[in-house]
Amino acid sequence: MIDKNKRILISSALPYVNGLPHLGHLIGCLLSSDVFARFMRLRGFDVMYVGGVDFHGSPAELGAIKEGKNVEDYCNDYAKKHKEIYDGFLLSFDCFGSTHSKENQELVYEAFEGLEKNGFIFEKTLKQVFSKADNMFLADRYIEGTCPYCGYEKARGDQCENCTKLLDPSDLLNPVSAISGSSDLEITDTKHLFLQLQDLQPELEKWLKDKENNSDNNLTWDKQTYGIAKKWVSEGLKERCITRDLKWGFVVPRDGYENKVFYVWFDAPFGYLSIVKEKNPARFDDFWKKPDETLYFQFMGKDNVPFHAVFFPSVLIGAGDKYKKVDVIKSFSFLNYEGGKFSKSAGRGVFAEDALKELPCDYWRYWLLCNTPESDDVNFSFAKFASDINKDLNDILGNFILRVLKFYNKKYGDVISEIPAESIKNVFNEYNHIIEKTSKLIESYTNNFENLKYRKAMEDLRAIWVIGNEFIDYAAPWVLDKTDSIKTQAILIFAMNLIRIYAVLLSPVCPTFAKKILDIFGIDFNPISNKQTIKWVDYENMIDEMSVISFGQKLNIPDSMFNKISDEQVELWKEKFKA
RNA sequence: GGGAAUGUAGCUCAGUUGGUUAGAGCAGGCCGCUCAUAACGGUCUGGUCGUAGGUUCGAGUCCUACCAUUCCCA
């Protein structure tokens, strides 16, 4: 169990500014982190959930040129789109920003100075291709030409896509700029700064050691994440370039580097710190400067692990080790789309903005959480999506809620009538096993959630819902009603208390669905606010938890809970999103 | 080419430190129920655990090689 006194810092990997997310990105860092943040808030933790957008790097600069825009405007426009999508998916960031801020620049400069002072920075001259027509140095992959091995004419300067051979730009025959098509290229010497990662390796290894098998099991990294980190270390860290010949970014504060900026991998992770510093400066020190009082969880796709597990911690250590380093990295595999990959350019796949046009976000949130790619890549298919939504949400949960409430309403009206307290107590005794079973599963659900085992947690949740149907089938109020109306009511009140608990348990995953259920009982819950009006279920005190809904309670019974997805709809979607 | 991860029922996945007849959900068969969006509950069927070797009294679980998929690096 996580120490109740710790503050909880959570960050979701910062997506690249001109890459709008698809369903895989959503589950791979955004949703998974949001759900965890919501869960921890409900349990009473002091949570700081950070998100944002990564502005720097050459794709943004080139994208802006292509659209004839100023780079900063271009980034801000995209950032706005990101934010709209995240709001649409109800991501509950406490702080949201970008890597392009004065706060971030300060932190990056401070780290750079620290690294330099501690002797981890050195200069090296490289040969790089300069394009006069574009007036910029070109990254290897922005140079195209004929592959000297296979003759493919569109080979890139780093690799030939046709024969997969690795290339150096100077290998290419007839090289041209991929940006302007200009062949007026020249190879020039250019100086760059490098980080001596190898010198930081001993300290990094010391830090990494307890991540494989922490005495506190909650803090042990999963196999894949630790494996990736270990692989880098066991191969031996190498020097890594931290500067680039670009205009867009933080200018390197050093004589002779006026035309160079820091490499995006170097400045982007400082965004996690700077976004808090910018948006909520009063809490910056609490979360970032008191490592023993805070637990820090990072969420990301598996491709992002080396930066978070190896490079960034090394940078922090080398710069003087002044800030909180990550405790748990939760990394995710990828979501595939109907057997292939998501592809924006080919229009294949459901992108976040499209998803929201088709269904409210909680349907997507639910499915993605149930099918989180935790150990291996996972395939999204509309057929599976529809089947999971229909079975779990409609048939198991939604149906349970409606059969209880509609039956009560039909027989006894829409306000819970008072019955002898004795009858309630009797039902508690008779169905104590239902309470105990539910309590055990909630404990398991809570632990799995805390350990970030999402698939297992969702299995628990589903199993908890099944108990409700099991109970009502066995108790059969529609039969009992003919002989014992008082007991029937007691049973239905018991079931309504289960429903309330189900809503609380569902709320981190599907906030609007939880609200819809809690609205039945007039319980105040705001899916958007980070201020909690409800609490997590105390599974050790089930009698109280099962006594919340009681006499005099007005019931606002909806006609339906969730919508089913028809086979026809599945076919339409497959067509529309090129499955 | 090197490394990391994954490969378990038709589908989606669990399988803790190696130990009795390999688990769950979905799909399919059957029984029960009729309060509920024909929704629920129970039950059954279904796997030579990627392939080939090896260690062991005993391996899905450890070792070796190979194959396939994914990611990272070169």
Side-chain angles (χ1 to χ4, degrees), chain A residues 24 28 158-159 164-168 213 217 220-238 240 300-307 309-311 331-336 339-341 367 370-381 383-412 444 448 451 453-463 465-482 488 491-492 495 557-566:
Chain A
D158 55 345
Q159 185 169 29
T164 75
K165 274 230 164 55
L166 292 164
L167 304 172
D168 192 82
N213 219 331
N217 201 39
T220 297
W221 295 8
D222 64 63
K223 257 201 277 188
Q224 174 171 259
T225 310
Y226 186 79
I228 293 171
K230 199 178 78 182
K231 173 241 161 192
W232 277 86
V233 171
S234 65
E235 280 185 356
L237 296 179
K238 295 181 188 72
R240 200 171 170 92
M300 68 198 70
K302 59 182 169 181
D303 54 329
N304 227 331
V305 171
F307 297 97
V310 178
F311 305 151
S331 78
F332 296 88
S333 291
F334 294 139
L335 190 69
N336 290 320
K341 289 192 177 186
W367 191 89
C370 287
N371 293 280
T372 301
E374 281 177 314
S375 56
D376 200 0
D377 292 355
V378 160
N379 186 47
F380 172 88
S381 75
K384 176 97 163 70
F385 177 68
S387 141
D388 288 349
I389 295 296
N390 291 345
K391 191 70 195 170
D392 298 355
L393 287 179
N394 287 280
D395 296 350
I396 310 261
L397 177 62
N399 180 53
F400 173 65
I401 295 169
L402 291 179
R403 66 197 297 208
V404 169
L405 290 166
K406 285 191 175 177
F407 187 78
Y408 189 93
N409 187 44
K410 197 160 72 187
K411 298 287 178 183
Y412 311 105
S444 168
N448 279 324
N451 283 296
K453 309 264 184 233
Y454 291 116
R455 298 184 78 116
K456 283 190 171 178
M458 295 308 282
E459 274 176 35
D460 289 334
L461 184 58
R462 194 181 177 286
W465 297 341
V466 167
I467 298 172
N469 281 310
E470 222 175 278
F471 163 71
I472 212 76
D473 267 328
Y474 183 81
W478 49 91
V479 176
L480 191 65
D481 176 56
K482 289 166 191 157
T488 306
I491 278 167
L492 292 169
I557 302 165
D559 196 49
S560 74
M561 289 307 304
F562 310 112
N563 295 320
K564 282 210 177 189
I565 298 167
S566 66

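- Here the separation of G53(B) from G15(B), taken at their C1' atoms, is 25 Å to the nearest Å.
- Atom pair D388(A):CG and C26(B):P shows a separation of 10 Å (rounding to whole Å applied).
- Separation of the C1' atoms belonging to A65(B) and C26(B) is 37 Å when rounded to the nearest angstrom.
- The phosphate of C71(B) (OP1 or OP2) has a side-chain N or O of K341(A) nearer than 4.0 angstrom.
- For the C1' atom pair drawn from U51(B) and U8(B), the interatomic distance equals 15 Å after rounding to whole Å.
- When rounded to the nearest whole Å, the span between CG of L335(A) and C1' of U69(B) equals 16 Å.
- Note on D377(A) versus K302(A): salt bridge recorded, some NZ/NE/NH1/NH2 to OD/OE distance being below 4.0 Å.
- In this structure, the NZ atom of K231(A) is 14 Å from the C1' atom of U70(B), given to the nearest Å.
- Following rounding to the nearest Å, R462(A) (CZ) and G41(B) (C1') show an atom-to-atom distance of 13 Å.
- Figure legend. G46(B) is base-paired to no nucleotide; pairs are counted as Watson-Crick or G-U wobble with both atom distances under 3.5 Å.
- Nucleotides G46(B) and C33(B), compared at atom P, are 27 Å apart to the nearest Å.
- Of the two residues near RNA chain B, F334(A) and S387(A), the one whose nearest nucleotide lies more 5' is S387(A).
- Taking the P atoms as reference points, G28(B) lies 46 Å from G2(B), given to the whole Å.
- Under 4.0 Å is where a charged nitrogen must lie from a carboxylate oxygen, and between D473(A) and R403(A) at least one such pair does.
- Distance noted for atom P between G54(B) and C30(B): 47 Å (whole Å).
- Residues W232(A) and I228(A) each lie close to RNA chain B; by heavy-atom proximity, the contact nearer the 5' end of the strand is made by I228(A).
- In this entry the distance linking CE of M458(A) with P of C26(B) reads 15 Å, nearest Å.
- Between F332(A) and Y454(A), the angle of the ring planes stays under 30°, which puts this pair in the parallel group of the 30/60° scheme.
- Straight-line distance from the CG atom of N336(A) to the P atom of G7(B): 15 Å, rounded to whole Å.
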Report summary line: In 5'-to-3' order, the base (B), backbone-only (S) or no-contact (-) status of each nucleotide in nucleotides 34-39 of chain B, using a 4.0 angstrom heavy-atom cut-off, is SBBB-S

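- U48(B) and A5(B) have their P atoms separated by 28 Å, with the value rounded to a whole Å.
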Requested in this report: For each nucleotide in nucleotides 9-17 of chain B, reading 5' to 3', give B when a protein heavy atom comes within less than 4.0 Å of its base, S when such contact involves only the sugar-phosphate, and - otherwise.
Outcome: ---SSSS--

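- Straight-line distance between the C1' atoms of G60(B) and G7(B): roughly 12 Å, to the nearest whole Å.
- OP1 or OP2 of U6(B) lies within a sub-4.0 Å distance of a side-chain N or O belonging to K223(A).
- Out of A5(B), C71(B), C26(B), the shortest distance to the side chain of K302(A) is found at C71(B).
- Protein atom CH2 of W221(A) is 15 Å distant from nucleotide atom P of A5(B), rounded to whole Å.
- Note: Y412(A) and Y408(A) have tilted aromatic rings, judged against thresholds of 30 and 60 degrees for the angle between ring planes.
- For N390(A) and A27(B), the CG to P distance is 10 Å, given to the nearest whole Å.
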